[in-house]
2 protein chains.
Amino acid sequence: MPRVSAAYLAERRAHILEAAARCFAREGFHRATLQHIVREAGLSPGAIYRYFSSKEDIVAAIASERHAAERVLLRGTATERGALPGVAELARAFLGRLGRPAEREWRRVTVQLWSEALRSPRVMEVVRSGLDEPLRLVAARLRAGQRDGTIARDVDATATARVAAAVFEGLVLQQAWEPGLDVERFVRAAVRLLEGLAPAGRRRASARKRQARGAQE
Amino acid sequence: MPRVSAAYLAERRAHILEAAARCFAREGFHRATLQHIVREAGLSPGAIYRYFSSKEDIVAAIASERHAAERVLLRGTATERGALPGVAELARAFLGRLGRPAEREWRRVTVQLWSEALRSPRVMEVVRSGLDEPLRLVAARLRAGQRDGTIARDVDATATARVAAAVFEGLVLQQAWEPGLDVERFVRAAVRLLEGLAPAGRRRASARKRQARGAQE
DNA sequence: TTAAAGTGAACGAACATTCGCTTTTCATCA
DNA sequence: TGATGAAAAGCGAATGTTCGTTCACTTTAA
């Protein structure tokens, strides 16, 4: 297939990346050999080296893909319900989506990327910029909440956004370790924590509402 | 040095593990070669194979060591102030301790272990049991708080403990990526979130107290 | 003197990468 | 429209290296 369309090349590239991602999810970046990827993609080593200059390059490409996908997801969530949805809704939409079984592979690869970032400046770059945008977004929402009175003034928006990101990261980890984790319940608990950021007088209503449901175990 | 004391053997073993941990923190489990460890430890390959049966075995041993150290830390924190300190104090003590620069290497190795767990049942075993005990402990504290009225009834103790663990994991990750992270500020924000778990009428005092300090950035 | 502790050169398997060759597609022209 | 050539796409055995592991030998403490 020589001189093929750009679309063909793009599709093939994507096909290789998907095959590689499956291998990486299964065995990790270092244990997965090019032979495995070759087999999974149904190609030959030479073909793969037409699209990527090295195995490292494949890892970096996967990192970029994931990053782009997350950006899309985050922005979709962000504008889903108008300009500035509450942080709780943001959390529900974002965390909930990641809980779907189909994202299992994604989570395993993501955990690998987080650790790979420690040695690969290319991956670190992607991981960092993948964290920055959510941090800014959540901090902005929190500040908006402070302006309109739904969030207490004593909340440090920037730092709280970091904690929220940490909750997200921890959830991804725990799910990767324990696929059967009850994500719904985790998200409810996280949202309950966020509700505690409301100003002192404001919380009664929603707290009462949940009283019946609460105290599970 | 033949037929040496058990103490000598134990010390040597620990020495190798420390050298290996430094290599792993620097380059990751897979990039770090046995030659690196050999050089770092000032020994020969053969000597190392007297103490460990494989490289994998060294990784597993490091995982166990870390696990044991965390257990000690957790239990120390747990009983530091009597039987049942508040969750906030628990968070402050535990998160704060991990923020120290000296723990930098620990954090990098831990992140590697989390990803390694996905492929190594031995490591997964350690990671899981390292998570279980804190989960139980925090959940117990939360329930105690519910009994004595400092924590609202609608809080799901088990799930909230998981969220707290997630915050911890996320902090370790973010610090590994960004060693200059302001841990103090992160911890304050996390504690503020926990305070939101107080029953509706209870929070005014501490919230007012912090009003001046708040809204940084 | 003995047996464990330690040495380090050598081994062999695993693996990423290459390269000479084949196949396929498309542009051009009969 | 179909034949033809050129060059890209694909192939896969071969290559060279890296690295974990071993083992015959030396050193050392008891």
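The chains referred to below are lettered A, B, ... by the order of the sequence lines, with proteins before strands, and numbering in each begins at 1. We use all heavy atoms of the structure for the numbers below, so side chains are in, but hydrogens, waters and symmetry mates are not.
The OH atom of B:Y8 sits 8 Å away from the C1' atom of C:dG6 (whole-angstrom rounding). In this entry the distance linking CZ of A:R50 with C1' of C:dC19 reads 11 Å, nearest Å. For B:F52 and C:dA5, the CZ to C1' distance is 15 Å, given to the nearest whole Å. Counting to the nearest Å, the C1' atom of C:dT17 and the OH atom of A:Y49 are 5 Å from each other. Taking atom OH of residue A:Y51 and atom P of nucleotide C:dA16, one finds them 20 Å apart after rounding to whole Å. The NZ atom of A:K55 sits 8 Å away from the P atom of C:dC15 (whole-angstrom rounding). A:L43 has its CG atom 19 Å from the P atom of D:dA8, to the nearest Å. Separating the CD1 atom of A:I48 from the P atom of D:dA9 is a distance of 15 Å, rounded to the nearest angstrom.
Residues passing the side-chain contact (heavy atoms from CB on, under 4.5 Å) test with B:A69: none are found, sequence neighbours excluded. Residues that satisfy the side-chain hydrogen bond (donor to acceptor under 3.5 Å, both in side chains) test with B:Q35, not counting sequence neighbours, are absent from this structure. Residues passing the side-chain contact (heavy atoms from CB on, under 4.5 Å) test with A:E11, sequence neighbours excluded: none.
Where A:L9 and B:G46 each meet DNA chain D at their nearest nucleotide, the meeting point lying more 5' is that of A:L9.
For the residue pair B:R143/B:T158, the side-chain donor-acceptor check at 3.5 Å is satisfied.
Look at B:S44 and you'll find a side-chain N or O under 4.0 angstrom from OP1 or OP2 of C:dT7.
Distance from the side chain of B:P45 is smallest for D:dT22 among the nucleotides D:dC11, D:dT22, D:dG12.
Between A:F29 and A:K55, every side-chain heavy-atom pair lies at or beyond the 4.5 Å cut-off.
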Just list the side-chain donor-acceptor pairs under 3.5 Å for residues 167-177 of chain B, sequence neighbours left out, or say none.
{"unit_1": "B:E169", "atom_1": "OE1", "unit_2": "A:Q174", "atom_2": "NE2", "d": "3.3"}
{"unit_1": "B:Q174", "atom_1": "OE1", "unit_2": "A:R162", "atom_2": "NH1", "d": "2.7"}
{"unit_1": "B:Q174", "atom_1": "NE2", "unit_2": "A:R162", "atom_2": "O", "d": "3.3"}
{"unit_1": "B:Q174", "atom_1": "NE2", "unit_2": "A:E169", "atom_2": "OE1", "d": "3.2"}
{"unit_1": "B:W177", "atom_1": "NE1", "unit_2": "A:W114", "atom_2": "O", "d": "3.2"}

Atom pairs and distances, donor-acceptor, side-chain atoms in residues 56-64 of chain A, under 3.5 Å, two or more places apart:
{"unit_1": "A:D57", "atom_1": "OD1", "unit_2": "A:R122", "atom_2": "NH2", "d": "2.9"}
{"unit_1": "A:D57", "atom_1": "OD2", "unit_2": "A:S53", "atom_2": "N", "d": "3.2"}
{"unit_1": "A:S64", "atom_1": "OG", "unit_2": "A:A60", "atom_2": "O", "d": "3.2"}

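Within a heavy-atom distance below 4.0 Å of DNA chain C, the residues of residues 15-41 of chain A found are A:A32, A:T33, A:L34.
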